Protein chains: 2
Amino acid sequence: MGETMPDTGPMTVDAETRMQGGEDHRAELRLWLRLLTCTTLIESQIRSRLRARFDVTLPRFDLMAQLEKAPEGMTLGDLSRRMMVSAGNVTGLVERLVQDGLVDRRPAPGDRRSALVNLTDKGRKAFEEMAHDHGDWIGEMFDGLDEADIDTLMRLLGKAKTSARAAQARVLPTSTDKDDAHG
Amino acid sequence: MGETMPDTGPMTVDAETRMQGGEDHRAELRLWLRLLTCTTLIESQIRSRLRARFDVTLPRFDLMAQLEKAPEGMTLGDLSRRMMVSAGNVTGLVERLVQDGLVDRRPAPGDRRSALVNLTDKGRKAFEEMAHDHGDWIGEMFDGLDEADIDTLMRLLGKAKTSARAAQARVLPTSTDKDDAHG
DNA sequence: CTCAATTATTTTAAGCTTAAAATATCTCTC
DNA sequence: GAGAGATATTTTAAGCTTAAAATAATTGAG
């Protein structure tokens, strides 16, 4: 099959052959790498600037950012889900933030398993200051994009998000159905 | 100034006032959060599937992926730059991969400070198997995007990457400006 | 009510990650 | 060819992160 055909560049005989049975995911892989590069690039800068100017770590800032949007406080489980990190991770972060006096935790009313975490006054004040600079940094980082670029990215990343969640749902046994006849 | 003006919703006097001196970065912040969500979502799934099916961590897979593209091997410094992680991080990862027999390291010819890292036969074989599934997973994850979506995302994320690097260059005083090379 | 399953959190062990300091080698200039 | 500065890597300390097991409280079915 095609043994005399010369290599004609990216789309070689091998690649075509491979596509008969499975699929080629070259474009998707390149997209994934670029997405990862972008995120890593921005994340590293934010981390390093937060440390340099405020002596705070990015995960602590992220946790405080969640709390700032929740005046009633959040449980550790809420934080874990919103931040998309493990429960044990949140336990440790909250511990250290309590130590710093930036958040407090108290028993949740009505459920003795849960604790409610809140920003302290000190924490709220510190966060506002950091958030102001953080916003400027993000603005600077995306300076090269115009409004239309941002809109388009929001839309397509939304699509990607939905697609990735669908893949996740397909692979997770999903919850409590012992007799899911059709997956 | 404006002391009798009532609060009229999201765009308050405070927000407008703030915009006189500085800028508002609401759209950019939302974009950053969405970018981060997408990356985290995909990264978590890849990490968990790599662990479940191959008992390997994502950083080890990433390091092997770099080596696979470099038949001549890479120094630790090369790996650190390409993977965008610290040098000390690479030291530890290589150590553990050598332990597993997946890579080897030997003195770099001509520079006694450096070491060249290469995939072993075992490592190359293991990587190829993992890479095959990994490609499928990424393909599945971006299943909801068509070709045009992917092209547009590549283009706009490229723009974002350039913009973020520019911000970085502006803040780093010392740089020999070698980072625009991408292989 | 009672017990099994679920949910919330903590603990543990292993590994990842960074920044900064330390070591060793190299390169370039005089 | 010596010494200053640059580069490659390792070490260290602290903190982040996960998966899995353990603990504790809640819920729901019978």
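In what follows, every chain begins at residue 1, and chains take the letters A, B, ... in the order their sequences are listed. From a predicted model like this one, the values you see are computed outputs, not experimental measurements.
Straight-line distance from the CG atom of B:Asp111 to the P atom of D:dT9: 8 Å, rounded to whole Å. Rounded to whole Å, atom C1' of D:dT17 lies 15 Å from atom CE of A:Met84. Taking atom CZ on B:Arg47 and atom P on D:dT17, their separation rounds to 10 Å, with Å as the unit. Distance CG (A:Leu79) to C1' (D:dT17): 16 Å, rounded to an integer number of Å. Distance, A:Leu50 CG to C:dT18 P: 15 Å, rounded to whole Å. In this structure, A:Gln45 places its CD atom 16 Å from C1' of C:dT18, rounding to the nearest Å. In this structure, A:Arg106 places its CZ atom 19 Å from C1' of C:dA8, rounding to the nearest Å. Between B:Glu43 atom CD and D:dT17 atom P the separation is 11 Å, expressed in whole Å.
Heavy-atom nearest nucleotides on DNA chain D were determined for B:Ser114 and for A:Asn89, and the one closer to the 5' end corresponds to B:Ser114. When each of A:Thr75 and B:Arg60 is assigned the nucleotide of DNA chain C with its nearest heavy atom, A:Thr75 is the one assigned upstream, toward the 5' end. Toward the 5' end of DNA chain C, the nearer of the two residues B:Val90 and A:Asp78, judged by each one's closest nucleotide, is A:Asp78. Comparing A:Gly92 and A:Arg113 by the nucleotide of DNA chain D that holds the closest heavy atom to each, the one mapping nearer the 5' end is A:Gly92.
With distances taken from any side-chain atom of A:Thr57 to the nucleotides D:dA8, C:dT9, D:dG15, the minimum falls on D:dG15. The nucleotide whose nearest atom lies closest to any side-chain atom of B:Leu76 is, among D:dT9, C:dT25, D:dC16, D:dT9. Distances from the side chain of A:Ala87 to the nucleotides C:dC16, D:dG15, C:dT10 place C:dT10 closest. When distances are taken from the side chain of A:Leu93 to each of D:dA19, C:dT18, D:dC16, the shortest belongs to D:dC16. For A:Arg51, counting side-chain heavy atoms from C-beta on, the closest listed nucleotide (C:dC16, C:dA19, D:dC16) is C:dA19.
Contact annotation for A:Gly88: base contact, defined as any heavy-atom pair under 4.0 Å involving a base atom. B:Ala108 comes within 4.0 angstrom of no nucleic acid atom, judged by non-hydrogen atoms across all strands.
In this structure, the side chain of B:Thr120 engages the main chain of B:Leu102 through a donor-acceptor pair within 3.5 Å. Judged by distance alone, the side chain of B:Glu68 and the main-chain N or O of B:Arg124 form no donor-acceptor pair under 3.5 Å. Distance alone, capped at 3.5 Å, is enough to place a donor-acceptor pair between the B:Asp149 side chain and the B:Asp146 backbone.
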For this session: Determine, stepwise, if the pair B:Lys122 / B:Asp100 fulfils salt bridge (Lys or Arg N to Asp or Glu O under 4.0 Å).
Result: CA-CA 10 Å; B:Lys122 176 183 171 188; B:Asp100 294 346; over 6 Å; no
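To the nearest 0.5 Å, the span separating CG on B:Asp136 from NE2 on B:His134 amounts to 10.5 Å.
In summary, the side chains of A:Thr75 and A:Asp78 do present a donor paired with an acceptor at a separation below 3.5 Å, with no hydrogens or angles considered.
A sub-4.0 Å separation between OP1 or OP2 of D:dA19 and a side-chain N or O of A:Ser86 is absent. Regarding contacts with the backbone of D:dT9, every side-chain N or O of B:Arg112 stays at 4.0 angstrom or more from both OP1 and OP2.
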